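As a basis for the values below, the full set of heavy atoms in this structure was taken, side chains included, without hydrogen atoms, waters or symmetry mates. Remember, it's a predicted structure, so these values are computed and weren't measured experimentally. Read the numbers this way: they start at 1 and go in the same order the structure lists the ligands and their atoms.
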Amino acid sequence: MAESSSHVLIFPFPVQGHVKCMLQLAELLCLSGIPFLTFLNSDHNHRRLLLDSHFLASFPGFRFASLPDGLPPDHPRSGIRIFELFDSISAVTKPLFRDMLLCGRLNCDGRPPVNCIIADGIFMSFAIDVAEEVGIPLVSFRTFSASCFWTFLCIPRLIQAGDLPIRGDDDDMGRAVSSVPGMESFLRFCDLPSFCRAADPSDRALQIVATETHLTTRAHALILNTFDELEGSALSHIRRHIPNLYAVGPLGAFLHAKLPESSRRSSTSLWQEDRTCMAWLDARPPKSVVYVSFGSITVLTRDQLLEFWYGLVNSGKPFLWVDRPNSVAGEQQVPKELAAATRERGYVVGWAPQEEVLAHPAIGGFLTHSGWNSTLESLVAGVPMICWPYFGDQQMNSRFVGEVWKVGVDMKDCCDRVIVEKMIRDVMEVRREEVEKSAMQMAETARKAVAGGGSSRASLDRLVEDIKLMTGRRNATQ
Ligand code: UDP
């Protein structure tokens, strides 16, 4: 049958958060009966990706392929230098990607030709041009929230309404934004994605984000790692522009629901996980520990590091801190009192098994940069968040956490040690009952979305059918 020869190519933007959730989607598609999948990594990430060996053994139709990302091996690929990836991918990866598809290089080992592409929708929209040229249907995957996607789609409207560029001084950042439909009652200028802070509406990053988002309307469909009950309003606004929309999240929870405990894969990490923190957590009382992680791209200044560290230590709570290699700019000289307090009640690792950490009963709060994966993982675990958004979509995610879902607090543009301490105490003591209750309710709603009869489960089923239909149609025309 034509449908049995579906061969899907999955192509993420090559950074940890995007690779992780697109691998989760790949695994779900394998589990749902898509027979052939190729996951296209950058060479750089491919060398670093740590997968359990049983992953490939479980899915004989799954393969990795890789292409250069155009940057030298020692490039940091983090902080604001992450944007250099955009230019290098466009110059180096794009023509190689086109050649790969035109020459049929992925049709080896008895695999049928690629007949569906699922490509990252941010910074990778060139895949739409290539897919149209080679006549393969393309589905766009956005690893951000639906609310962020909807706001990006509204950028021309924001500019037309005179809301962008943001005018005035810092006080104006607290004003309400009226030109993102559905968010009038809570969205402030400081909550807009960081690209919107550009002083000039023709700013390159702002224009790239707006253009790339608009291009998604040319894709066959759009996949989002979210669920209807979490972002119903934004999803219904997007559906008016992109009716073929699949909300299939939270992908991590979905995999947990689909896979038996014994066969769960532990990692899709680019860094080696330090699992010693699990034993340290075992020895801590329930809900006593603050987990601190700023994700895979954030780079803190030395001053920011010290403010967070003093705030944490002054809060008196035990803490587990992910100090990712090269995540702080400049020299680090640790004040004696911080070193002593950390020995007494802290534990520091280079990279943690985050989803397992968040699910540990000792965790009472998550000090996070509000990356979308981290936000979803915390929601699924029912852990309240203390948010310090760094850039991109994170400014919006933190507003939703603090004001819409009420599952934490939003520090926004400030990380003064007094504020850090106060926010930690708010979540862990003063407002604990209230935020914990909302967090637990949200975790339950997320679990239902991915369970039998749930909204994301239904969306994934429709997506799989859609892929089978479109690949069957393409095979019939070959
Ligand atoms: N992560 C992890 N261990 C760590 C820190 C982060 O496994 O010590 C994972 C985390 O679970 C999440 C991803 O890295 O899935 C980070 O993605 P996110 O979207 O939160 O932020 P980004 O790194 O893209 O800024």
S.K.: Does even one non-hydrogen atom of Arg324 get within less than 4.0 Å of ligand 1?
M.R.: no

S.K.: Show me which atoms of ligand 1 lie under 4.0 Å from any heavy atom of Gly17.
M.R.: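 Numbered from 1, ligand 1 contributes 17 (O), 24 (O).
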
S.K.: Select the closest option to atom 19 (O) of ligand 1 among Thr143, Val349, Asn373, Val292, judged by heavy-atom distance.
M.R.: Asn373

S.K.: Consider side-chain contact (heavy atoms from CB on, under 4.5 Å). Of Leu338, Val328, Thr301, Leu300, which one does Leu306 pass it with?
M.R.: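 Filter result, single survivor: Leu338.
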
S.K.: Taking the inter-plane angle between the rings of His241 and Trp150 on a 0 to 90° scale, is it parallel (under 30°), tilted (30 to 60°) or perpendicular (over 60°)?
M.R.: tilted

S.K.: Which of parallel (below 30°), tilted (30 to 60°) and perpendicular (above 60°) describes Phe62 and Phe64?
M.R.: perpendicular

S.K.: Is any side-chain N of the basic residue among Arg425 and Glu421 closer than 4.0 Å to the acidic one's carboxylate O?
M.R.: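 Counted as a salt bridge, because a side-chain N and a carboxylate O are separated by less than 4.0 Å.
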
S.K.: Using heavy atoms and a 4.0 Å limit, tell me yes or no: is Glu377 in contact with ligand 1?
M.R.: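 Under 4.0 Å: yes for Glu377.
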
S.K.: Could you find the nearest protein heavy atom to atom 25 (O) of ligand 1 and give me its residue, atom name and distance?
M.R.: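 Here the closest protein heavy atom is His369 NE2, 2.9 Å.
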
S.K.: Please could you name the atoms of ligand 1 that Ser293 approaches to less than 4.0 Å, counting only its heavy atoms?
M.R.: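 By the 4.0 Å cutoff, the relevant atoms are 5 (C).
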
S.K.: Going by the order shown, which atoms of ligand 1 are within less than 4.0 Å of some heavy atom of Trp372?
M.R.: 19 (O)

S.K.: Starting from atom 1 (N) of ligand 1, what is the nearest protein heavy atom, named by residue and atom, and what distance separates them?
M.R.: Trp351 CZ2, 3.2 Å

S.K.: Quick one: look up the protein heavy atom nearest atom 8 (O) of ligand 1 and list residue, atom name and how far away it is.
M.R.: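 Closest protein heavy atom to atom 8 (O) of ligand 1: Ala352 N, 2.7 Å.
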
S.K.: From the options Ser374, Gly392, Gly371, select the one whose nearest heavy atom is closest to atom 16 (C) of ligand 1.
M.R.: Ser374

S.K.: For atom 23 (O) of ligand 1, tell me which residue out of Pro353, Ser296, Gly295 has the closest non-hydrogen atom.
M.R.: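 Among Pro353, Ser296, Gly295, the closest heavy atom to atom 23 (O) of ligand 1 belongs to Ser296.
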
S.K.: Which atoms of ligand 1 are found less than 4.0 Å from any heavy atom of Val322?
M.R.: 8 (O)

S.K.: Testing the basics here: between Met22 and Ala119, what is the closest heavy-atom pair and its distance to 0.1 Å?
M.R.: CE-C, 4.1 Å

S.K.: Strictly distance-based, threshold 3.5 Å: is any side-chain N or O of Gln395 a donor or acceptor partner for the main-chain N or O of Lys412?
M.R.: no

S.K.: Is it the case that the ring center of Phe308 lies less than 6.0 angstrom away from the ring center of Trp321?
M.R.: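 No.
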
S.K.: Between Arg302 and Glu307, is the closest basic N to carboxylate O distance under 4.0 Å?
M.R.: no

S.K.: On a heavy-atom basis, I'd like to know which of Gln354, Glu273, His18 is closest to atom 6 (C) of ligand 1.
M.R.: Gln354

